[in-house]
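Sequential numbering from 1 along the given sequence is applied to the chain's residues. Being a predicted model, the structure only gives us computed values, none of them experimental. When a ligand or atom number is given, it counts from 1 through the structure's own listing order.
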Amino acid sequence: MYYLIALAIIFLDQLTKWLVVQYMDLGESIPIIENFLYLSSHRNSGAAWGILEGQMYFFYIITVIVVIGLIVYLQKLPKDQPWMKLALSLMLGGAIGNFIDRVLHQEVIDFINTYIFTYDFPIFNVADSALVIGVGIILVLTIMEGKKEKELS
Ligand SMILES: CCC[C@@H]1OC(=O)[C@@H](C)C[C@H](C)CCCCC(=O)CCC[C@@H](CC)/C=C/C=C(\COC)CC[C@@H](O)[C@@H](O)C[C@H](O)CNC1=O
């Protein structure tokens with residue numbers, strides 16, 4: 001069931017990237033909300049903030065490890081942890097979404113360009129959003145778990 005969430009993320013990610021490639025020129029920027037949100041067609045052959053630019057084999061290896069880890073973890077999780085399963089499914093979809101780009105184009109297509117206050121946050125995509133949301137949910141669950149244990153002890 002949670003694999004459907006991962007598939008939905010992959011489909012949404014690849015669809016949005018296809019639309020950007022189809023209807024936008026590289027470097028083109030369309031303002032959605034002035035000074036806050038723009039659609040900017042961008043490519044990144046690195047990871048976040050363009051780190052390790054061009055190290056495709058490193059990215060393939062890391063992504064395969066991440067994907068296998070997520071699948072094993074998803075299989076092992078007991079039924080009563082829906083939030084954890086959601087987080088892992090989001091990360092699985094995000095990791096595969098960027099992996100497809102890296103295998104097909106040796107770079108990742110990015111287009112969500114936000115200005116958080118004056119800081120021009122790196123341009124990202126649906127896959128990155130799913131990854132960061134998945135990481136965020138796991139962080140929240142871990143903090144909540146820690147608080148619960150403290151109350152019990
Ligand atoms: C989101 C992980 C990045 C994603 O990792 C992936 O694919 C994984 C599955 C495979 C990587 C090879 C391994 C993880 C590297 C970890 C990393 O990099 C530190 C991340 C910290 C993170 C806090 C959790 C910050 C967030 C940043 C950004 C996302 O903001 C929403 C900016 C995204 C833009 O720089 C955009 O150009 C990136 C481009 O799309 C390629 N994306 C990737 O490499």
Here the pair of heavy atoms bringing G94 nearest to I9 is N-CG2, 3.7 Å

Separation between NZ (K76) and CG (L74), nearest 0.5 Å, reads 12.5 Å

Given V20, D13, L19, the one that forms side-chain contact (heavy atoms from CB on, under 4.5 Å) with K17: D13

Is there any protein N/O under 3.5 Å from an N/O of ligand 1, and what does the full list of such pairs look like?
| from | atom 1 | to | atom 2 | distance (Å) |
| --- | --- | --- | --- | --- |
| ligand 1 | 7 (O) | N98 | ND2 | 3.2 |
| ligand 1 | 7 (O) | R102 | NH1 | 3.2 |
| ligand 1 | 18 (O) | A48 | N | 3.3 |
| ligand 1 | 35 (O) | W49 | N | 2.8 |
| ligand 1 | 37 (O) | N44 | ND2 | 2.8 |
| ligand 1 | 37 (O) | D110 | OD2 | 2.6 |
| ligand 1 | 37 (O) | I123 | O | 3.1 |
| ligand 1 | 40 (O) | D110 | OD1 | 2.7 |
| ligand 1 | 40 (O) | D110 | OD2 | 3.4 |
| ligand 1 | 40 (O) | N125 | ND2 | 3.4 |
| ligand 1 | 40 (O) | D128 | OD1 | 3.3 |
| ligand 1 | 40 (O) | D128 | OD2 | 2.6 |
| ligand 1 | 42 (N) | N98 | ND2 | 3.3 |
| ligand 1 | 42 (N) | D128 | OD1 | 2.8 |
| ligand 1 | 44 (O) | R102 | NH2 | 2.7 |

Quick test of your reading of the model: are R43 and D110 salt-bridged, counting only N-O distances below 4.0 Å? no

For F99 and F59: C-alpha separation, side-chain torsions, deciding distance, then whether ring pair (Phe, Tyr, Trp, His ring centres under 6.0 Å) applies. CA-CA 8 Å; F99 184 65; F59 293 141; over 10 Å; no

Would you say the side-chain atoms of N125 pair up with the backbone N or O of F111, donor to acceptor, closer than 3.5 Å? no

